[in-house]
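Chain letters run A, B, ... following the sequence lines, proteins first and then strands; every chain starts at 1.
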Protein chains: 2
Amino acid sequence: MENQRVRSARVTIHDVAAAAGVSISTASKALNNTGRMGDDTRERVKRVATEIGFRPNALAKGLLSNRSFTIGLLTNDTYGRFTLPVMAGITEALVDHGVSVFLCTIEDDPALGKVHVDAMLDKSVDGIIASGKRIDRRLPVDLSNLPVPVVYAFTEGTPGSVTFCADDFQGATLAVEWLMGLGRRRIAHITGPESFVSVRERAKAYLSLVGDQLPVLYGTWSEAWGHEAVAKIWNTSGPKPDAIFCGNDQIARAVVDALRERDVRVPRDVSVVGFDNWEIVAAQTRPPLTTVDMNLKALGREAGLTVLALTEGRAVEPGIRTLPCELVVRQSCGGNPDH
Amino acid sequence: MENQRVRSARVTIHDVAAAAGVSISTASKALNNTGRMGDDTRERVKRVATEIGFRPNALAKGLLSNRSFTIGLLTNDTYGRFTLPVMAGITEALVDHGVSVFLCTIEDDPALGKVHVDAMLDKSVDGIIASGKRIDRRLPVDLSNLPVPVVYAFTEGTPGSVTFCADDFQGATLAVEWLMGLGRRRIAHITGPESFVSVRERAKAYLSLVGDQLPVLYGTWSEAWGHEAVAKIWNTSGPKPDAIFCGNDQIARAVVDALRERDVRVPRDVSVVGFDNWEIVAAQTRPPLTTVDMNLKALGREAGLTVLALTEGRAVEPGIRTLPCELVVRQSCGGNPDH
DNA sequence: CTGAAAGCGCTTACAG
DNA sequence: CTGAAAGCGCTTACAG
């Protein structure tokens, strides 16, 4: 029964050696391209190995090399808004190197965090990537002094660590310059809580470009706040903005909706830019949002490649690595997408 | 240097045995509560082990037992809408058993799927959970005849497998009965593509309760379709519905928006129910959506416990296991939440 | 150019 | 009641 053969014992290097008529050591060396032997022997072993479907047991390899070809991804971003793109990037970068990733969501529970970290360590992960939902908060677990390298992505790292994050200042600059290039001259900024560094960075970029003709409106990350802010502006007398740079897509969506309800046309009367490029929000807004994409997948790729380097003992410069954002042009600003 | 000690050799069972003054075999047996020995010896070994921070190497254990305390989660739901809650449930159920989970997103690429499955097998996963975004489509990878148990969650399984999914019929019944209990008598149904079984199941429940006084409106899973459907109904002469049961939250959100734009009040004039309880959509709608929750986390928990059972050789009845949905009452229907 | 032996960290018969 | 030995599947000095 083909089935039973598959189900029962998996084929080991013993089987390969026997089938190729060589010793186990020779088989091992042939398959790993190490040692010295006749090209014909090496080729024959390799051919036989694939023929009988040999796949080396990663557990055994790991026991020897102390590398499990496994890394852990720790996050407190239950929702997955930030973690999933990061995760996709990590996986994409590491699959070619044969490394798989453990994902653990730990909410804000330190005890749960410790349990998961210990589980990872027990399984000899080659490294850990810590990820979160904002760059100025730590995960609720201590990741210093671990016996494996740790890199941080979209969460605050310990001093001396490698941390990846998006360039909020540059992203915001992209957005505001786009509005200015479209001829907009009265640009408002409706954003999230001032306690977030991202918020402050984005506001700083905004202020450095447009000056303080209009006060930055800090609030929460909700649609409710977007509506409230628009009401605040439009219920006040005086000239209205011809563009609004929003701190995230949810706010932007609400702003677009609120404007429509006031018969202000987007983008004809007012251009609106968002931040995040959260597909479910940005693409479903009417009109769809032009918004800043933080390139989280690229960020994940870099983080993955970096733990790998660290694992392999290559030198990596510590510090905060900032990756550029990109503007995704849809229809909420008008303007020519090919501009 | 404390640091160096941590960074260098991890403590092994050798160290425990030496520190406790027993042989390695005795140490092993003491720690695993096997074998026979004096209670004092056992206790002493255990105490010493925790004192010097011994944690057994899972790779070595796995090599012996052929169990890696690791399972793989395979999904083509890149977005994570369905997979993340399922994943959360799996992790929650398995963390107490010391098993960690590999997450792999494979889009719709069969080659990539095979690569990841092979990687999992190489790492001796104890089992695999396949997950997706609809229950009537298979993942683009063959999971039959694998040397490890496979269970399916929110994706179509092979014949004879164990598959978990939400009870669409019951969920839809919950929604429609809620509307009827509120005194609604003309209930419309705006939903997704008829090609989805979920859509057909939900429609079947709807029809069995309200009859065919109104045609079911099949469309796409987008907000655009929600707007279009409302226009279709309200631009036609004749009596209007006093309630709308929507196939998902995105449609429901659009329906609520469209109604507001026509000055139809929700929930006063029309009650609206959604499906999915997708927080980002449901909670941000004005008013927030009453919607059906598929309990994906519970589904994940069941799936996790089931692979575990299979792994341990316990008997599991094959077939499709349907888990009940729940109605989450917010404000889009009116009615008393404590009802 | 090829193979026998030791060992990675653990567990499990088997002796004593 | 306790320990020496073999072995899980592999790799890597070391002999020949």
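- You'll find the ring centres of A:F102 and B:F102 inside the 6.0 Å limit.
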### Task
Verify side chain to side chain donor-acceptor pair (under 3.5 Å) between A:S23 and A:T26, making sure each step is shown before the conclusion.
CA-CA 5 Å; A:S23 73; A:T26 301; 3.1 Å; yes
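- Shown here, D:dA4 forms no base pair; nothing in the strands shown gives a Watson-Crick or G-U wobble contact with both key distances under 3.5 Å.
- For the pair A:L63 CG and C:dG9 C1', the computed distance is 5 Å after rounding to whole Å.
- Atom pair B:D122:CG and D:dG9:C1' shows a separation of 13 Å (rounding to whole Å applied).
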### Protein proximity profile, nucleotides 10-16 of chain C - base contact B, sugar-phosphate-only contact S, no contact -, cut-off 4.0 Å on heavy atoms
BBBB---
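- A salt bridge does not link A:R137 with A:E156: none of the charged nitrogens is closer than 4.0 Å to a carboxylate oxygen.
- Here A:T41 lies in heavy-atom contact (under 4.0 Å) with sugar-phosphate atoms only.
- In this structure, A:I52 places its CD1 atom 14 Å from C1' of D:dG9, rounding to the nearest Å.
- For C:dT2, neither phosphate oxygen OP1 nor OP2 lies less than 4.0 angstrom from any side-chain nitrogen or oxygen of A:T26.
- With respect to the salt-bridge test (charged N to carboxylate O, under 4.0 angstrom), the residues B:K114 and B:D118 qualify.
- Between B:K46 and B:N33, the side chains place a donor N or O and an acceptor N or O closer than 3.5 Å (distance only, hydrogens not considered).
- Taking atom CE of B:M37 as the reference point, atom P of D:dG3 lies 9 Å away to the nearest angstrom.
- For B:R47 and B:E43, the salt-bridge test fails: no basic side-chain N is under 4.0 Å from an acidic carboxylate O.
- The base-pairing partner of C:dA13, taking Watson-Crick or G-U wobble contacts with both distances under 3.5 Å, does not exist among the strands shown.
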